[in-house]
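Beneath this line is the structure, given in structure tokens, with notes to follow.
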Amino acid sequence: EAIDMSSLKCALCSAPSAKRCKDCQSIAYCGRECQVKDWKHHKKACKAIKEDKERADSHTIHKAEFDRIRLKYGLDKKADEISDLLTMRGNEGGVSPNDFAENFGTTPEEAVVFLEWIKVGIKFKEETLNVAKKSGLAGPSVSAKR
């Protein structure tokens with residue numbers, strides 16, 4: 001992202017700054033002296049920001065690879081078959097990448113990426129539903145309707 005470097009101010013003394021923290025890129029310092037003085041305060045946030053960026057980068061790369069595999073093998077058109085395989089009795093331990101690859105023509109490595117992304121989606125859905133239930137936004141559960 002392009003940033004007007006002339007508008008950056010030192011986080012410690014507010015002097016004009018041309019340099020940002022090399023690890024998190026979220027904070028600017030006028031020089032080494034201010035950076036060293038502020039390190040005790042900035043260290044924890046810096047680490048968290050850096051880890052968040054790495055996670056986001058990893059997430060973006062994984063999603064792009066999932067999409068490549070999905071399109072390459074036309075897996076959108078096979079969603080029902082994939083769902084059946086993933087929920088079939090006897091698959092409580094999950095579907096092996098080799099079984100998935102054999103069923104849908106992917107390589108075992110591509111199957112690992114695809115299946116792991118499916119797990120990410122399931123985890124996200126479960127967490128979202130839990131938050132909604134706790135906040136009262138979710139309607140009655142399916143079991144309560146029966």
Self-check item: Geometric class of the H42/Y29 ring pair [parallel <30°, tilted 30-60°, perpendicular >60°]
Solution: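 If you compare the ring of Y29 with that of H42, the planes turn out perpendicular.
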Value rounded to 0.5 Å, distance of [atom1] in [X] from [atom2] in [Y]:
X	Y	atom1	atom2	result
K19	Q35	NZ	CD	9.0 Å
S17	L8	OG	CG	6.0 Å
D38	C46	CG	SG	10.5 Å
S96	L115	OG	CG	8.5 Å
L12	H41	CG	NE2	9.0 Å
F104	I82	CZ	CD1	5.0 Å

Would you mind writing out the side-chain donor-acceptor pairs for residues 120-131 within the sub-3.5 Å range, not counting sequence neighbours?
unit_1 : atom_1 : unit_2 : atom_2 : d
T128   : OG1    : F124   : O      : 2.7
N130   : ND2    : E126   : O      : 3.3

Quiz prompt | Same apolar cluster (I L V M F W Y, side chains within < 4.5 Å links), V112/L86 | solution =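 Not linked; separate clusters.
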Quiz item: Charged N to carboxylate O under 4.0 angstrom, E81 versus K78?
Solution: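 The answer is no: the pair does not qualify as a salt bridge.
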Would a 4.5 Å heavy-atom cut-off, applied to side chains only, mark [X] and [Y] as touching?
X	Y	value
E110	Y73	yes
L75	F114	yes
F66	I118	yes
C13	C30	yes

Could you list the donor-acceptor pairs under 3.5 angstrom formed between side-chain atoms of residues 48-63 and any protein atom two or more places apart in sequence or on another chain?
unit_1 : atom_1 : unit_2 : atom_2 : d
D52    : OD1    : R55    : NH2    : 2.5
K53    : NZ     : C24    : O      : 2.5
T60    : OG1    : A56    : O      : 2.9
H62    : NE2    : V113   : O      : 3.2
K63    : NZ     : D67    : OD1    : 2.7
K63    : NZ     : D67    : OD2    : 2.9

Quiz item: Please walk me through it: do R70 and D76 pass side-chain contact (heavy atoms from CB on, under 4.5 Å)?
Solution: CA-CA 7 Å; R70 181 179 53 80; D76 287 348; 2.6 Å; yes
Quiz prompt | D80 CG: over 12 foreign heavy atoms closer than 6.0 Å | solution =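 12 or below, so no.
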